[in-house]
Protein chains: 2
Amino acid sequence: MASDLPLDAYDKKILRLLQAQGRITNQQLAEQIGLSSAACWRRVKALEESGTIKRFTALVDPNRVGQPLTTLVMVTLVRHHIDNTAEFERRILEYPEVLQCYATTGNADFVLRVVIEDMAAYDRFLNEKLFSLAGISQVSSNFALREIKNETAIPIR
Amino acid sequence: MASDLPLDAYDKKILRLLQAQGRITNQQLAEQIGLSSAACWRRVKALEESGTIKRFTALVDPNRVGQPLTTLVMVTLVRHHIDNTAEFERRILEYPEVLQCYATTGNADFVLRVVIEDMAAYDRFLNEKLFSLAGISQVSSNFALREIKNETAIPIR
DNA sequence: TCTGAAATCTCTCTAGC
DNA sequence: GCTAGAGAGATTTCAGA
């Protein structure tokens, strides 16, 4: 249905606006990009169906829902089992307090961002979840003193 | 209007559902939490006004908009000028390719997540932007080999 | 101060060109 | 791509717990 790629100028404007205001009405969106509302609506649907728009979401302030502690965790695995990596990743996906996880170059194998209530809860996370995984070699916890920026909008060029 | 805090069970359900489906209709939302559509609507507005919901957004797949490269950058500042930190943070906020930035404990002063087109663009980012900032002592670039998880939904307990 | 019902207003989404 | 319009949903008002 939705052809893959390439995005034209209208699509790019749509993506910029929907990243800034996810609940803008289709009519306002259409007006701002300079298309009829039907044409705009079809483009938004196509962008959703092609996966360019993964989904819509509400961004919640973690401080206001009792999860003020952010930690960046560097994890290194032991090199013995080839299954370690797959198993590690599978378990990480199940932990809701781990919002992000990347396999990276450099000293650590993985970098995680963990959002949680307080130090006691983080201690439980380490002992009951992270340290219980097979094949963990090193874990380094870097606590966020301050959030300078936390943006979800990808620059559309 | 919106009293600060504390969230009751309805608010928590609303936050969970809106994080999962940012564009769910108010009627469906009301039905799923067990309130009338008017009551549900008022609660969503209150959550927005209080800042508990920061905003709504579309989550875009960076691969589909030509920004497939993610880098986690550890930055250390020199200790001489007290203004270094404030100036660094101010500039970081202006760089759209830097999606996230945290001041952290540990070896690095800051951890950044940068999303960008390719290595050439990353090289330009380093030389034209990051290295041009005053007071930079060390920069370590860790490239994301794979994204295991990239979630925005804060667990609501 | 909270609710729900109902009236009204606006937008979505399909159809047709 | 555009316009039109029925139906669906959002938003306000009002009255009751």
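Sequence lines set the chain letters: A, B, ... in the order given, protein chains first and strands last, and positions in each chain run from 1.
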task: Please list, chain by chain and in numerical order, all residues satisfying salt bridge (Lys or Arg N to Asp or Glu O under 4.0 Å) with R16(A), sequence neighbours excluded.
output: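 Salt bridge (Lys or Arg N to Asp or Glu O under 4.0 Å) check on R16(A) returns nothing, list empty.
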query: Would you call K149(A) and E89(B) a salt bridge, taking side-chain N to carboxylate O under 4.0 Å as the test?
result: no
Mind calculating the distance between [atom1] ([X]) and [atom2] ([N]) to the nearest angstrom?
X: R43(A); N: dC2(D); atom1: CZ; atom2: C1'; answer: 13 Å
X: I33(B); N: dT3(C); atom1: CD1; atom2: C1'; answer: 13 Å
X: L29(B); N: dA8(D); atom1: CG; atom2: P; answer: 20 Å
X: F56(B); N: dA10(D); atom1: CZ; atom2: P; answer: 11 Å

query: Can you list the other members of the hydrophobic cluster that holds L130(B), where links are side-chain heavy atoms under 4.5 angstrom apart?
result: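 Direct or chained contacts put L130(B) with I148(A), L69(B), V73(B), V75(B), L77(B), F88(B), I92(B), L93(B), Y95(B), V98(B), F110(B), L112(B), V114(B), I116(B), M119(B), Y122(B), F125(B), L126(B), F131(B), L133(B), I136(B), V139(B), F143(B).
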field: Matching residue for I14(A) among R43(A), Q19(A), Q32(A) - test: side-chain contact (heavy atoms from CB on, under 4.5 Å)
entry: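 Option passing the side-chain contact (heavy atoms from CB on, under 4.5 Å) with I14(A): R43(A).
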- request: Give the B/S/- string for nucleotides 12-17 of chain C, one per nucleotide from 5' to 3', where a protein heavy atom under 4.0 Å of the base yields B, of only the sugar-phosphate yields S, and otherwise -.
  value: BBB---
Distance-minimising heavy-atom pair for D61(B) and G51(A):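 Heavy-atom minimum between the residues: CB-O, 3.5 Å.
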- prompt: Hey, is the main chain of K129(B) close enough, under 3.5 Å, to the side chain of R91(B) for a donor-acceptor pair?
  reply: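 No.
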